[in-house]
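As a basis for the values below, the full set of heavy atoms in this structure was taken, side chains included, without hydrogen atoms, waters or symmetry mates.
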Amino acid sequence: MLSTEVKPGDRAFSADVLSRIQAPDLAGIAEEFSLGEFCTATGLHRESAESFFVLETKRGKFIVSIEGIKSENEVKHDIELLLFLRRHGFQCLQPLKSRGGQHYLHADGRFISASRNIDGNEVPVGNLTLGQLAAAGHVLADLHLIGRGYKKGVENRFSFPKVAALYQEVRKNLPAHLKTIVRVLDDEVNYLEGYLDNNLPKGIIHGNLSWESMKFKGSRLVGIMNFDRACRGKFICDLATTVNAVCYFEGRYRLDRFEELILGYEGLRPLSLPEWDSFPNELRFSALRTAITSLHDFYLRENGERQRIQKTFIDFFERLLILRREKDGGMEDLLLSMATGYDYRKYQKSKPSR
């Protein structure tokens with residue numbers, strides 16, 4: 001979280017992210033969305049194309065997002081999905097209408113939306129309890145089940161062909177001395193092209209569920225914050241992304257964390273046998289995707305952000321080495337759990353309701 005604040009009278013947004021945004025000031029945004037008299041705002045630093053701020057007025061706290069990369073249609077799709085999920089009882093941000101009756105503003109080439117804040121606490125990945133991990137799995141399964149009823153098209157932002165094409169673009173910029181990195185990424189792209197299974201259950205996925213996206217009250221998960229990467233995709237890929245985000249800690253995958261997350265997920269939606277079989281490859285693809293997108297962002301962002309992006313790349317490249325079993329880090333334990341995780345009785349029992 002960024003440490004600086006914006007107060008009434010300030011014309012800049014705050015900190016390095018805020019200072020680059022040419023848009024109405026936050027007091028003006030509060031007025032446009034009828035949020036009440038502006039008091040303060042704090043920038044949230046998230047690994048996202050969007051900039052998020054907690055804006056506090058005399059009426060309470062609100063989340064403001066400013067999107068400068070997506071098209072207007074993509075922004076509309078994001079908002080429509082959030083409204084659909086809220087109508088079906090899913091605890092996510094609920095976009096508010098502006099004074100003009102729309103759920104977003106367009107200013108200086110950027111799209112601005114506002115939602116009431118979700119009251120809860122972010123829990124750093126190292127402090128997540130097993131109960132909280134089970135709750136995260138349960139909520140992710142709930143999203144997948146609810147999202148099956150969302151019929152509007154939301155393009156898959158993370159398909160293998162898109163990631164592979166992005167890598168070919170990035171590879172041209174990689175220095176010649178990074179031979180190990182190039183070898184691993186080349187080999188992984190070639191391997192996954194032949195072994196990823198595309199005939200698996202699909203629907204609306206979150207795309208990036210991590211500890212930064214979740215709000216807790218005790219062991220209860222009370223809300224999911226950002227949906228800027230939501231799209232249509234494979235459920236098992238979404239679950240694998242969450243495993244990579246919250247079950248990996250201090251250099252290795254933690255079996256107890258993995259089992260609690262899966263226990264929570266399967267309490268609502270049991271995984272099919274093909275999904276269990278594909279799980280290891282989906283973990284690898286998820287780590288590869290984050291590593292490649294981080295490399296891509298590294299060359300696009302300014303120097304002030306590059307250190308953070310480089311750390312993200314290193315973290316997920318380490319995961320990929322473990323998942324490829326080129327490095328010790330708990331993958332054998334996960335594989336054993338996956339090999340014995342399929343329960344035929346549970347799956348058969350769940351079939352009539354699916």
Side-chain angles (χ1 to χ4, degrees), residues 1-4 13-21 43-52 66-70 122 124-127 157-158 160 162-189 192 207-213 225-226 228-229 240-254 283-331:
M1 188 176 287
L2 299 173
S3 59
T4 53
F13 272 95
S14 86
D16 58 341
V17 175
L18 299 175
S19 64
R20 294 195 303 273
I21 296 176
L44 295 180
H45 187 55
R46 296 178 182 274
E47 296 176 10
S48 164
E50 284 182 292
S51 297
F52 287 89
I66 300 182
E67 172 60 66
I69 296 178
K70 293 180 183 176
E122 286 185 2
V125 63
N127 295 339
R157 296 166 177 167
F158 312 114
F160 176 79
K162 288 187 176 181
V163 173
L166 187 65
Y167 175 57
Q168 294 308 316
E169 179 183 337
V170 168
R171 196 180 188 280
K172 301 172 185 175
N173 296 317
L174 292 177
H177 65 271
L178 298 179
K179 293 181 180 179
T180 300
I181 289 174
V182 172
R183 173 190 65 79
V184 170
L185 296 181
D186 279 355
D187 186 65
E188 193 64 17
V189 169
L192 291 174
N208 191 35
L209 186 61
S210 68
W211 67 269
E212 288 185 304
S213 308
M225 295 293 289
N226 60 319
D228 61 298
R229 299 186 187 182
T241 297
T242 305
V243 170
N244 276 330
V246 301
C247 299
Y248 179 89
F249 181 60
E250 293 184 338
R252 65 184 299 108
Y253 287 91
R254 309 287 173 164
L283 283 168
R284 289 169 65 164
F285 174 62
S286 173
L288 176 73
R289 182 194 97 193
T290 304
I292 289 175
T293 54
S294 297
L295 281 176
H296 180 259
D297 288 349
F298 181 84
Y299 292 105
L300 291 179
R301 303 294 179 87
E302 297 182 10
N303 289 335
E305 294 183 86
R306 285 189 170 187
Q307 186 174 359
R308 173 184 62 81
I309 295 170
Q310 184 177 26
K311 182 180 184 304
T312 299
F313 168 75
I314 292 171
D315 287 347
F316 278 85
F317 188 75
E318 290 292 308
R319 286 169 170 80
L320 187 56
L321 292 178
I322 293 169
L323 295 169
R324 287 166 55 89
R325 286 182 282 180
E326 293 186 22
K327 182 177 180 180
D328 181 49
M331 185 54 181

Distance (rounded to the nearest 0.5 Å) between N173 CG and H296 NE2: 9.0 Å

Which atom of I292 lies closest to which atom of V170, heavy atoms considered: O-CG2, 4.2 Å

Under the ring pair (Phe, Tyr, Trp, His ring centres under 6.0 Å) test, residues paired with F160 that sit two or more places apart: none

Where S213 and N226 come nearest, the two heavy atoms and their spacing: OG-OD1, 2.8 Å

Contacts of type side-chain hydrogen bond (donor to acceptor under 3.5 Å, both in side chains), residue R157, not counting sequence neighbours: D78

For residues 162-169, run the donor-acceptor check on the side chains, cut-off 3.5 Å, and write out each pair with its distance to 0.1 Å, sequence neighbours left out.
from : atom 1 : to   : atom 2 : distance (Å)
K162 : NZ     : E155 : OE2    : 2.7
K162 : NZ     : N156 : O      : 3.1
Y167 : OH     : D186 : OD1    : 2.7

Closest non-hydrogen atom pair between S294 and T312, with its separation: OG-CG2, 3.3 Å

Pairwise distance CG(D228) to CG(N208) - rounded to 0.5 angstrom: 7.5 Å

F317 CZ to T290 OG1 distance, which is reported to the nearest 0.5 Å: 14.0 Å

Approximate separation, where rounding is to 0.5 Å, of F313 CZ and D297 CG: 12.5 Å

Shortest non-hydrogen contact between L185 and L295, atoms and distance: CD1-CD1, 3.8 Å

Which residues share a ring pair (Phe, Tyr, Trp, His ring centres under 6.0 Å) with F285, sequence neighbours left out: none

Interatomic spacing from CG in L283 to CG in L288 - rounded to 0.5 Å: 12.5 Å

R319 side chain near Y253 side chain, heavy-atom distance below 4.5 Å: yes

Set of side-chain hydrogen bond (donor to acceptor under 3.5 Å, both in side chains) partners for S286, sequence neighbours left out: T241, N244

For R324, all residues meeting side chain to side chain contact (heavy atoms under 4.5 Å, CB included), sequence neighbours excluded: R183, V184, D187, E188, R284, L320, E326

F158: ring pair (Phe, Tyr, Trp, His ring centres under 6.0 Å) partners, not counting sequence neighbours: none

